[in-house]
Amino acid sequence: MSFVALGGDGSTRPTFFELVAAERLMPSLKAATVYSLSVFAQRRPIFHRLLDFEDELFAIITAALDRQSLLNGSSSFAESLYGLRRNSARGIDNPKASLNKPSQQWTLLFLQPERRSLWRRTQAQILRLFMRLFPWIHATQEGLRFGYQLLYLLDSSPFYTPILHLLGQNIVRVSGPEMVEVQRQKQQRRQQQLQSAQQSSSVLWRLVSQGWLRSAYAFADHTRNALILSVFAFKLLEWWYTSAEERLGAQQALPPPSPPPPPKPSPDGLKLPEDATTCPICRKRRTNPAMASVSGYVFCYPCIYGSIDQHGCCPVTKLPATVDQLRRLYQSA
(Lines give C-alpha, C1' and ligand atoms only; values in the text may rest on other atoms or scores of the structure.)
Protein backbone atom coordinates (compact mmCIF):
# COMPACT_ATOMS: atom_id res chain seq x y z
CA MET A 1 0.00 0.00 0.00
CA SER A 2 1.29 3.45 -0.87
CA PHE A 3 -0.18 6.95 -0.74
CA VAL A 4 0.57 7.71 -4.39
CA ALA A 5 0.05 5.89 -7.65
CA LEU A 6 3.11 4.04 -8.90
CA GLY A 7 4.36 4.99 -12.31
CA GLY A 8 7.40 5.93 -14.34
CA ASP A 9 10.77 4.25 -14.42
CA GLY A 10 13.61 4.10 -11.91
CA SER A 11 14.99 7.47 -13.00
CA THR A 12 11.77 9.37 -12.35
CA ARG A 13 12.53 12.29 -10.07
CA PRO A 14 10.06 12.76 -7.18
CA THR A 15 8.69 16.20 -6.51
CA PHE A 16 9.88 18.28 -3.58
CA PHE A 17 6.49 18.01 -1.89
CA GLU A 18 6.53 14.20 -2.03
CA LEU A 19 9.85 14.15 -0.18
CA VAL A 20 8.62 16.67 2.39
CA ALA A 21 5.49 14.61 3.00
CA ALA A 22 7.56 11.45 3.44
CA GLU A 23 9.90 13.27 5.83
CA ARG A 24 7.03 14.56 8.00
CA LEU A 25 5.23 11.23 8.24
CA MET A 26 7.26 9.75 11.09
CA PRO A 27 7.01 12.85 13.34
CA SER A 28 3.22 12.67 12.90
CA LEU A 29 3.28 9.01 13.83
CA LYS A 30 5.39 9.79 16.90
CA ALA A 31 2.98 12.53 18.02
CA ALA A 32 0.07 10.12 17.67
CA THR A 33 1.90 7.41 19.61
CA VAL A 34 2.86 9.76 22.45
CA TYR A 35 -0.67 11.14 22.66
CA SER A 36 -2.16 7.67 22.83
CA LEU A 37 0.25 6.71 25.62
CA SER A 38 -0.67 9.87 27.54
CA VAL A 39 -4.37 8.99 27.23
CA PHE A 40 -3.75 5.43 28.45
CA ALA A 41 -1.57 6.75 31.29
CA GLN A 42 -4.56 8.59 32.75
CA ARG A 43 -6.09 5.21 33.68
CA ARG A 44 -2.98 3.01 33.77
CA PRO A 45 -0.13 4.75 35.63
CA ILE A 46 2.32 2.14 34.34
CA PHE A 47 2.29 3.93 30.97
CA HIS A 48 3.92 6.92 32.63
CA ARG A 49 7.16 4.97 32.67
CA LEU A 50 6.96 4.57 28.91
CA LEU A 51 6.37 8.31 28.52
CA ASP A 52 9.62 8.94 30.38
CA PHE A 53 11.41 7.09 27.58
CA GLU A 54 9.21 8.16 24.67
CA ASP A 55 12.14 9.17 22.45
CA GLU A 56 14.01 5.92 22.98
CA LEU A 57 10.84 3.84 22.54
CA PHE A 58 9.93 5.48 19.27
CA ALA A 59 13.53 5.29 18.09
CA ILE A 60 13.40 1.50 18.49
CA ILE A 61 10.09 1.32 16.61
CA THR A 62 11.39 3.56 13.83
CA ALA A 63 14.62 1.60 13.58
CA ALA A 64 12.77 -1.71 13.26
CA LEU A 65 10.40 -0.35 10.60
CA ASP A 66 13.16 1.32 8.60
CA ARG A 67 15.47 -1.67 8.81
CA GLN A 68 12.77 -4.04 7.57
CA SER A 69 11.81 -1.65 4.78
CA LEU A 70 15.45 -1.19 3.73
CA LEU A 71 15.96 -4.93 3.63
CA ASN A 72 12.91 -5.48 1.44
CA GLY A 73 12.92 -2.51 -0.91
CA SER A 74 15.93 -0.17 -0.44
CA SER A 75 13.76 2.54 1.10
CA SER A 76 12.84 3.80 4.52
CA PHE A 77 9.41 3.08 5.95
CA ALA A 78 8.04 6.54 5.12
CA GLU A 79 9.58 6.51 1.63
CA SER A 80 8.03 3.15 0.82
CA LEU A 81 4.56 4.47 1.70
CA TYR A 82 4.93 7.18 -0.93
CA GLY A 83 6.17 4.79 -3.60
CA LEU A 84 9.81 5.92 -3.36
CA ARG A 85 13.08 4.05 -3.11
CA ARG A 86 16.78 4.83 -2.80
CA ASN A 87 18.95 4.59 -5.87
CA SER A 88 22.73 4.78 -6.22
CA ALA A 89 23.80 8.16 -7.60
CA ARG A 90 27.27 6.82 -8.48
CA GLY A 91 26.17 4.21 -11.02
CA ILE A 92 27.19 1.28 -8.78
CA ASP A 93 25.51 -1.97 -9.79
CA ASN A 94 27.47 -4.19 -7.44
CA PRO A 95 25.03 -5.77 -4.94
CA LYS A 96 27.68 -5.32 -2.26
CA ALA A 97 27.70 -1.57 -2.78
CA SER A 98 26.37 0.90 -0.24
CA LEU A 99 22.90 0.91 -1.80
CA ASN A 100 22.42 -2.73 -0.81
CA LYS A 101 23.92 -2.36 2.66
CA PRO A 102 20.81 -1.51 4.67
CA SER A 103 22.73 -1.73 7.94
CA GLN A 104 24.65 1.45 7.07
CA GLN A 105 21.50 3.30 6.08
CA TRP A 106 19.60 1.99 9.10
CA THR A 107 22.35 3.15 11.45
CA LEU A 108 22.18 6.70 10.11
CA LEU A 109 18.39 6.68 10.16
CA PHE A 110 18.44 5.48 13.76
CA LEU A 111 21.01 7.94 15.07
CA GLN A 112 19.78 11.12 13.39
CA PRO A 113 16.29 11.72 14.87
CA GLU A 114 17.09 10.92 18.50
CA ARG A 115 20.40 12.72 19.01
CA ARG A 116 18.85 15.10 21.56
CA SER A 117 17.40 12.44 23.84
CA LEU A 118 20.50 10.24 23.81
CA TRP A 119 22.43 12.98 25.65
CA ARG A 120 19.93 13.43 28.46
CA ARG A 121 21.51 10.81 30.66
CA THR A 122 25.17 11.56 30.08
CA GLN A 123 27.60 12.84 32.67
CA ALA A 124 27.44 16.49 33.69
CA GLN A 125 30.77 17.44 32.12
CA ILE A 126 29.91 15.94 28.75
CA LEU A 127 26.44 17.45 28.91
CA ARG A 128 27.81 20.95 29.48
CA LEU A 129 30.16 20.54 26.53
CA PHE A 130 27.34 19.21 24.42
CA MET A 131 25.07 22.12 25.35
CA ARG A 132 27.74 24.55 24.20
CA LEU A 133 28.35 22.78 20.89
CA PHE A 134 24.82 21.67 20.07
CA PRO A 135 23.46 25.07 18.92
CA TRP A 136 26.30 25.38 16.41
CA ILE A 137 25.98 21.77 15.27
CA HIS A 138 22.22 22.04 14.96
CA ALA A 139 22.40 25.37 13.12
CA THR A 140 24.98 23.94 10.70
CA GLN A 141 22.88 20.85 10.08
CA GLU A 142 19.67 22.80 9.52
CA GLY A 143 21.50 25.23 7.26
CA LEU A 144 22.84 22.37 5.16
CA ARG A 145 19.40 20.76 5.00
CA PHE A 146 17.84 24.03 3.89
CA GLY A 147 20.51 24.52 1.25
CA TYR A 148 20.13 21.00 -0.12
CA GLN A 149 16.34 21.25 -0.17
CA LEU A 150 16.48 24.61 -1.92
CA LEU A 151 18.86 23.25 -4.55
CA TYR A 152 16.62 20.21 -5.00
CA LEU A 153 13.55 22.42 -5.36
CA LEU A 154 15.37 24.47 -8.04
CA ASP A 155 16.39 21.26 -9.83
CA SER A 156 20.07 22.08 -9.26
CA SER A 157 20.95 18.99 -7.23
CA PRO A 158 19.80 15.34 -7.25
CA PHE A 159 20.26 15.05 -3.48
CA TYR A 160 17.48 16.03 -1.09
CA THR A 161 19.53 15.89 2.14
CA PRO A 162 23.24 15.88 3.08
CA ILE A 163 22.86 12.30 4.38
CA LEU A 164 21.81 11.08 0.95
CA HIS A 165 24.75 12.91 -0.61
CA LEU A 166 27.10 11.30 1.92
CA LEU A 167 25.72 7.86 1.04
CA GLY A 168 25.86 8.62 -2.66
CA GLN A 169 22.15 7.95 -3.11
CA ASN A 170 19.13 9.78 -4.45
CA ILE A 171 15.44 9.02 -4.20
CA VAL A 172 13.38 7.91 -7.18
CA ARG A 173 9.87 6.63 -7.65
CA VAL A 174 9.16 2.92 -7.61
CA SER A 175 7.82 1.69 -10.93
CA GLY A 176 5.07 -0.89 -11.26
CA PRO A 177 7.39 -3.67 -12.52
CA GLU A 178 9.81 -3.02 -9.66
CA MET A 179 7.03 -3.35 -7.10
CA VAL A 180 5.90 -6.60 -8.69
CA GLU A 181 9.48 -7.91 -8.62
CA VAL A 182 9.87 -6.98 -4.95
CA GLN A 183 6.67 -8.81 -4.06
CA ARG A 184 7.78 -11.85 -6.08
CA GLN A 185 11.15 -12.00 -4.32
CA LYS A 186 9.47 -11.65 -0.95
CA GLN A 187 7.13 -14.55 -1.70
CA GLN A 188 10.07 -16.68 -2.84
CA ARG A 189 11.93 -16.03 0.42
CA ARG A 190 8.86 -16.94 2.41
CA GLN A 191 8.34 -20.15 0.47
CA GLN A 192 11.95 -21.14 1.05
CA GLN A 193 11.62 -20.49 4.77
CA LEU A 194 8.41 -22.53 4.97
CA GLN A 195 10.02 -25.39 3.06
CA SER A 196 12.98 -25.32 5.44
CA ALA A 197 10.57 -25.53 8.37
CA GLN A 198 8.80 -28.55 6.79
CA GLN A 199 12.06 -30.50 6.63
CA SER A 200 12.22 -30.84 10.40
CA SER A 201 11.92 -34.43 11.66
CA SER A 202 9.76 -33.41 14.63
CA VAL A 203 6.10 -32.98 13.78
CA LEU A 204 5.52 -30.67 16.73
CA TRP A 205 8.49 -28.48 15.86
CA ARG A 206 7.37 -28.37 12.23
CA LEU A 207 3.88 -27.17 13.18
CA VAL A 208 5.24 -24.61 15.63
CA SER A 209 7.76 -23.25 13.09
CA GLN A 210 5.19 -22.97 10.32
CA GLY A 211 2.67 -21.31 12.63
CA TRP A 212 5.28 -18.86 13.87
CA LEU A 213 6.40 -17.96 10.33
CA ARG A 214 2.85 -17.49 9.06
CA SER A 215 2.01 -15.29 12.05
CA ALA A 216 5.13 -13.21 11.45
CA TYR A 217 4.26 -12.82 7.77
CA ALA A 218 0.71 -11.73 8.58
CA PHE A 219 1.98 -9.27 11.20
CA ALA A 220 4.51 -7.78 8.75
CA ASP A 221 1.91 -7.45 6.00
CA HIS A 222 -0.63 -5.62 8.15
CA THR A 223 1.64 -3.57 10.44
CA ARG A 224 2.19 -0.86 7.84
CA ASN A 225 -1.51 -0.31 7.19
CA ALA A 226 -2.31 -0.48 10.90
CA LEU A 227 0.27 2.18 11.75
CA ILE A 228 -0.99 4.56 9.10
CA LEU A 229 -4.60 4.07 10.16
CA SER A 230 -3.55 4.64 13.77
CA VAL A 231 -2.20 8.08 12.83
CA PHE A 232 -5.61 9.17 11.56
CA ALA A 233 -7.40 7.46 14.43
CA PHE A 234 -5.27 9.13 17.09
CA LYS A 235 -5.53 12.51 15.40
CA LEU A 236 -9.30 12.10 15.46
CA LEU A 237 -9.10 11.10 19.12
CA GLU A 238 -6.94 14.12 19.90
CA TRP A 239 -9.41 16.43 18.17
CA TRP A 240 -12.32 14.83 20.04
CA TYR A 241 -10.70 15.21 23.47
CA THR A 242 -9.57 18.75 22.71
CA SER A 243 -13.07 19.78 21.64
CA ALA A 244 -14.57 18.18 24.76
CA GLU A 245 -12.09 19.95 27.03
CA GLU A 246 -12.84 23.27 25.36
CA ARG A 247 -16.58 22.76 25.84
CA LEU A 248 -16.15 21.86 29.50
CA GLY A 249 -13.79 24.73 30.05
CA ALA A 250 -16.20 27.19 28.45
CA GLN A 251 -19.03 26.05 30.72
CA GLN A 252 -16.94 26.41 33.88
CA ALA A 253 -15.32 29.71 32.96
CA LEU A 254 -16.13 32.46 35.48
CA PRO A 255 -16.26 36.19 34.68
CA PRO A 256 -13.18 38.15 35.75
CA PRO A 257 -13.53 39.69 39.20
CA SER A 258 -14.18 43.40 39.50
CA PRO A 259 -11.17 45.55 40.44
CA PRO A 260 -10.80 46.45 44.12
CA PRO A 261 -12.04 49.90 45.19
CA PRO A 262 -9.41 52.66 45.28
CA PRO A 263 -8.04 53.62 48.70
CA LYS A 264 -10.06 56.29 50.41
CA PRO A 265 -8.46 59.70 50.96
CA SER A 266 -7.15 60.23 54.48
CA PRO A 267 -8.73 62.99 56.61
CA ASP A 268 -5.20 64.28 57.17
CA GLY A 269 -4.29 64.13 53.52
CA LEU A 270 -4.68 66.60 50.68
CA LYS A 271 -8.16 67.25 49.35
CA LEU A 272 -8.83 66.07 45.83
CA PRO A 273 -9.60 68.86 43.34
CA GLU A 274 -12.88 68.81 41.45
CA ASP A 275 -11.10 68.83 38.10
CA ALA A 276 -9.61 65.38 37.50
CA THR A 277 -6.79 66.89 35.40
CA THR A 278 -5.52 69.05 38.25
CA CYS A 279 -2.61 67.97 40.43
CA PRO A 280 -3.69 67.67 44.13
CA ILE A 281 -0.35 69.09 45.27
CA CYS A 282 0.29 72.20 43.12
CA ARG A 283 -3.38 72.71 42.17
CA LYS A 284 -2.41 73.29 38.56
CA ARG A 285 -3.03 71.32 35.41
CA ARG A 286 -0.89 68.20 35.53
CA THR A 287 2.31 68.10 33.50
CA ASN A 288 4.49 65.02 33.12
CA PRO A 289 1.93 62.91 35.04
CA ALA A 290 2.98 60.15 37.42
CA MET A 291 1.03 57.75 39.64
CA ALA A 292 1.71 56.53 43.14
CA SER A 293 1.22 52.75 42.80
CA VAL A 294 0.14 52.33 46.45
CA SER A 295 -2.94 54.51 45.95
CA GLY A 296 -3.51 54.98 42.21
CA TYR A 297 -3.80 58.79 42.36
CA VAL A 298 -2.04 60.86 39.70
CA PHE A 299 0.12 63.94 40.28
CA CYS A 300 2.74 65.96 38.49
CA TYR A 301 5.94 63.95 38.56
CA PRO A 302 8.10 66.65 40.21
CA CYS A 303 5.38 67.29 42.82
CA ILE A 304 4.81 63.68 43.88
CA TYR A 305 8.53 62.85 43.75
CA GLY A 306 9.37 65.66 46.15
CA SER A 307 6.42 64.90 48.47
CA ILE A 308 7.18 61.17 48.78
CA ASP A 309 10.92 61.79 49.08
CA GLN A 310 10.26 64.20 51.97
CA HIS A 311 7.32 62.58 53.80
CA GLY A 312 7.52 58.89 52.72
CA CYS A 313 3.81 58.51 52.04
CA CYS A 314 1.08 59.28 49.53
CA PRO A 315 -0.10 62.90 50.14
CA VAL A 316 -3.75 61.93 49.60
CA THR A 317 -4.17 58.58 51.42
CA LYS A 318 -1.13 58.79 53.74
CA LEU A 319 -0.21 55.21 52.81
CA PRO A 320 3.54 54.50 53.14
CA ALA A 321 5.30 54.87 49.79
CA THR A 322 8.75 55.24 48.26
CA VAL A 323 9.96 56.92 45.10
CA ASP A 324 10.49 53.45 43.60
CA GLN A 325 6.72 53.03 43.63
CA LEU A 326 6.14 55.93 41.25
CA ARG A 327 4.96 55.07 37.76
CA ARG A 328 5.29 57.52 34.89
CA LEU A 329 2.19 57.91 32.71
CA TYR A 330 2.59 58.71 29.04
CA GLN A 331 -1.09 59.49 28.56
CA SER A 332 -2.85 61.79 31.00
CA ALA A 333 -5.57 60.09 33.01
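Small disclaimer: the values here were computed from a predicted structure and weren't measured.
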Chemist: Can you find a heavy atom in the side chain of I171 that is under 4.5 Å from one in the side chain of L19?
Modeler: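 With C-beta onward as the side chain, the pair touches.
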
Chemist: Report the residues that fulfil side-chain hydrogen bond (donor to acceptor under 3.5 Å, both in side chains) with T15, sequence neighbours left out, ordered by chain and then residue number.
Modeler: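 T15 satisfies side-chain hydrogen bond (donor to acceptor under 3.5 Å, both in side chains) with E18 only.
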
Chemist: Decide whether W136 and F146 are clustered together by the hydrophobic rule: side chain heavy atoms of Ile, Leu, Val, Met, Phe, Trp, Tyr closer than 4.5 Å, transitively.
Modeler: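 Cluster IDs for W136 and F146 differ.
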
Chemist: Going by the side-chain hydrogen bond (donor to acceptor under 3.5 Å, both in side chains) test, which pairs reach into residues 184-194, not counting sequence neighbours?
Modeler: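 Found N72-R189, E181-R184, E181-Q185, Q183-K186, R190-D221, Q193-Y217.
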
Chemist: Are C279 and R286 close enough, and set up right, to give a side-chain contact (heavy atoms from CB on, under 4.5 Å), and what steps lead you there?
Modeler: CA-CA 5 Å; C279 174; R286 284 195 304 267; 3.8 Å; yes

Chemist: For residues 195-205, pull every pair meeting salt bridge (charged side-chain N to carboxylate O under 4.0 Å, His left out), keeping only residues two or more places apart or in separate chains.
Modeler: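 Of all non-adjacent pairs touching residues 195-205, none passes salt bridge (charged side-chain N to carboxylate O under 4.0 Å, His left out).
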
Chemist: Could you identify which residues cluster with V208, counting Ile, Leu, Val, Met, Phe, Trp and Tyr as linked when any side-chain heavy atoms lie under 4.5 Å apart, either directly or through a chain of such contacts?
Modeler: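 Via sub-4.5 Å side-chain contacts, V208 links to L204.
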
Chemist: The criterion is side-chain hydrogen bond (donor to acceptor under 3.5 Å, both in side chains); which residues satisfy it with Q210, sequence neighbours excluded?
Modeler: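 Residues passing side-chain hydrogen bond (donor to acceptor under 3.5 Å, both in side chains) with Q210: none at all.
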
Chemist: Taking salt bridge (charged side-chain N to carboxylate O under 4.0 Å, His left out) as the cut-off, I'd like each qualifying pair that reaches into residues 150-171, sequence neighbours left out, listed once.
Modeler: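 Pairs touching residues 150-171 that pass the test: R13-D155.
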
Chemist: Answer yes or no: is there a donor N or O on one side and an acceptor on the other, between the side chain of R327 and the main chain of D324, under 3.5 Å?
Modeler: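 At least one qualifying donor-acceptor pair exists.
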
Chemist: Examine L326 and L270 and state if one hydrophobic cluster contains both, with Ile, Leu, Val, Met, Phe, Trp and Tyr joined whenever side-chain heavy atoms are less than 4.5 Å apart.
Modeler: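 Yes; L270 is reachable from L326 via cluster members.
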
Chemist: Do L272 and I281 land in one hydrophobic cluster if side-chain heavy atoms of ILVMFWY residues count as linked below 4.5 Å?
Modeler: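 L272 and I281: one cluster.
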
Chemist: Do I163 and Q169 come within less than 4.5 Å of each other through their side chains, counting heavy atoms only?
Modeler: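 No, their side chains stay 4.5 Å or more apart.
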
Chemist: Who pairs with I137 by side chain to side chain contact (heavy atoms under 4.5 Å, CB included), at least two apart in sequence or on another chain?
Modeler: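 By the side chain to side chain contact (heavy atoms under 4.5 Å, CB included) rule, I137 matches L133.
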
Chemist: Might you confirm whether atom CZ of R132 has over 12 heavy atoms from other residues, nucleotides or ligands at distances under 6.0 Å?
Modeler: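 Result for CZ/R132: open.
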
Chemist: Kindly write out the residues that satisfy side-chain hydrogen bond (donor to acceptor under 3.5 Å, both in side chains) with W212, not counting sequence neighbours, or none if the list is empty.
Modeler: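 By the side-chain hydrogen bond (donor to acceptor under 3.5 Å, both in side chains) rule, W212 matches no residue at all.
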
Chemist: Give the cluster check for L153 versus V20: same hydrophobic cluster or not, with ILVMFWY residues linked at side-chain heavy-atom distances below 4.5 Å.
Modeler: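 As far as the 4.5 Å side-chain criterion goes, V20 and L153 are connected within one cluster.
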
Chemist: Hey, would you say the Y148 and F159 ring centroids sit under 6.0 Å apart?
Modeler: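 Distance test on ring centres: not under 6.0 Å, no.
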
Chemist: Please identify each residue that fulfils side chain to side chain contact (heavy atoms under 4.5 Å, CB included) with S196, with sequence neighbours left out.
Modeler: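 S196: no side chain to side chain contact (heavy atoms under 4.5 Å, CB included) contacts found.
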
Chemist: Output side-chain donor-acceptor pairs under 3.5 Å for residues 296-323, partner residues at least two apart or in another chain, one line each.
Modeler:
{"residue": "Y297", "atom": "OH", "partner": "P263", "partner atom": "O", "Å": "2.9"}
{"residue": "T317", "atom": "OG1", "partner": "L319", "partner atom": "N", "Å": "3.4"}

Chemist: Tell me, please, which residues at least two apart from S258 pass side chain to side chain contact (heavy atoms under 4.5 Å, CB included).
Modeler: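 Residues passing side chain to side chain contact (heavy atoms under 4.5 Å, CB included) with S258: none at all.
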
Chemist: As an exercise, state the distance from OG of S266 to NZ of K271, rounded to the nearest 0.5 Å.
Modeler: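 Spacing of OG (S266) from NZ (K271) equals 8.5 Å.
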
Chemist: Would you please name every residue forming a side chain to side chain contact (heavy atoms under 4.5 Å, CB included) with D275, sequence neighbours left out?
Modeler: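 Result, side chain to side chain contact (heavy atoms under 4.5 Å, CB included) vs D275: T277, T278.
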
Chemist: May I ask you to test the P273-R283 pair for a side-chain heavy-atom distance under 4.5 Å?
Modeler: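 In short, these two side chains touch, coming nearer than 4.5 Å.
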
